[in-house]
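Here is the structure we will look at, set down as structure tokens.
Residue numbers count from 1 along this sequence. All values below were derived from every heavy atom in this structure, side-chain atoms included, with hydrogens, water molecules and symmetry-related copies excluded. A quick note: this is a predicted structure, and the numbers were derived from the prediction, not measured.
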Amino acid sequence: MPKITVLPHASVCPEGKTFEVKSGVKLARALLANGVGIEHACEFSGACSTCHVIVREGFDSLNEPEDEELDMLDQAWGVTDLSRLSCQAVVGDEDLVIEIPKYSRNHAKEH
């Protein structure tokens, strides 16, 4: 089973976390199931960018992003060539190292 390492994030996962998951699961669901409170304002439909993550290791083992995901990523804060919407990224067979960006565009949460 692939191992997912989440790098420390001040509010979502201050200590960082490492856990194993089965291949074939959506990354956002794996994160939530293992206590990493990733934002998901559109309830995993790929219609927002709040679950944006940067895949520092293992990026090529994920499924290919569809055009709709790439379009939505254009709206995310801090996008890189290694960015994915975790609700659309399917875990493959390789270990992953995930960075959760410092900010998201979740307007419902902004003050």
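Looking only at side-chain heavy atoms (C-beta outward), T18 and I4 stay at 4.5 Å or farther from each other. L32 has its side chain within reach of I38: a pair of non-hydrogen atoms, C-beta onward, lies under 4.5 Å apart. Looking at F19 and L31, their side chains come closer than 4.5 Å, going by heavy atoms from C-beta outward. Using a 4.5 Å heavy-atom cutoff, the side chains of E39 and C51 are not in contact. Between I100 and V6, some side-chain heavy-atom pair lies under the 4.5 Å cut-off.
Residue L70 belongs to a hydrophobic cluster whose other members are M72, L73, L85, with links defined by side-chain heavy atoms closer than 4.5 Å.
Linking ILVMFWY residues whenever their side-chain heavy atoms come closer than 4.5 Å, directly or via other members, places L27 and V12 in the same cluster. Under the 4.5 Å side-chain heavy-atom criterion for Ile, Leu, Val, Met, Phe, Trp and Tyr, V55 and V25 are members of the same hydrophobic cluster.
E43 CD: more than 12 foreign heavy atoms inside a 6.0 Å radius.
Between the side chain of D95 and the main chain of K3, a donor-acceptor pair closer than 3.5 Å is present.
Checked by atom type, the side-chain pair H52/S83 shows a donor-acceptor distance below 3.5 Å.
Checked against side chain to side chain donor-acceptor pair (under 3.5 Å), S61 has no partners two or more places apart in sequence or in another chain. With sequence neighbours excluded, the residues forming a ring pair (Phe, Tyr, Trp, His ring centres under 6.0 Å) with F44 are H40, listed by chain and number. Applying the side-chain contact (heavy atoms from CB on, under 4.5 Å) test to A47 and every residue at least two apart in sequence or in another chain returns C42, S45. Applying the salt bridge (Lys or Arg N to Asp or Glu O under 4.0 Å) test to R56 and every residue at least two apart in sequence or in another chain returns E99.
Listed by first and then second residue, the salt bridge (charged side-chain N to carboxylate O under 4.0 Å, His left out) pairs involving residues 77-94 are E69-R84 (not counting sequence neighbours). Within the structure, the salt bridge (charged side-chain N to carboxylate O under 4.0 Å, His left out) test picks out no pair touching residues 8-25 (sequence neighbours left out).
In this structure, CG on D71 lies 12.0 Å from OG on S49, to the nearest 0.5 angstrom.
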For the pair V79 and D74, evaluate side-chain contact (heavy atoms from CB on, under 4.5 Å) and give the outcome as yes or no after the intermediate values.
-> CA-CA 7 Å; V79 172; D74 287 341; 5.9 Å; no
Determine, step by step, whether I54 and I98 satisfy the side-chain contact (heavy atoms from CB on, under 4.5 Å) criterion, reporting the C-alpha distance in whole Å, the side-chain angles of both residues, the deciding distance to 0.1 Å, and the verdict.
-> CA-CA 6 Å; I54 301 167; I98 303 298; over 6 Å; no
Just do the side-chain contact (heavy atoms from CB on, under 4.5 Å) check on V90 and L62 with the steps written out, would you?
-> CA-CA 6 Å; V90 178; L62 300 172; over 6 Å; no
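Residues G92 and S23 approach most closely at O-OG, 2.7 Å, considering heavy atoms.
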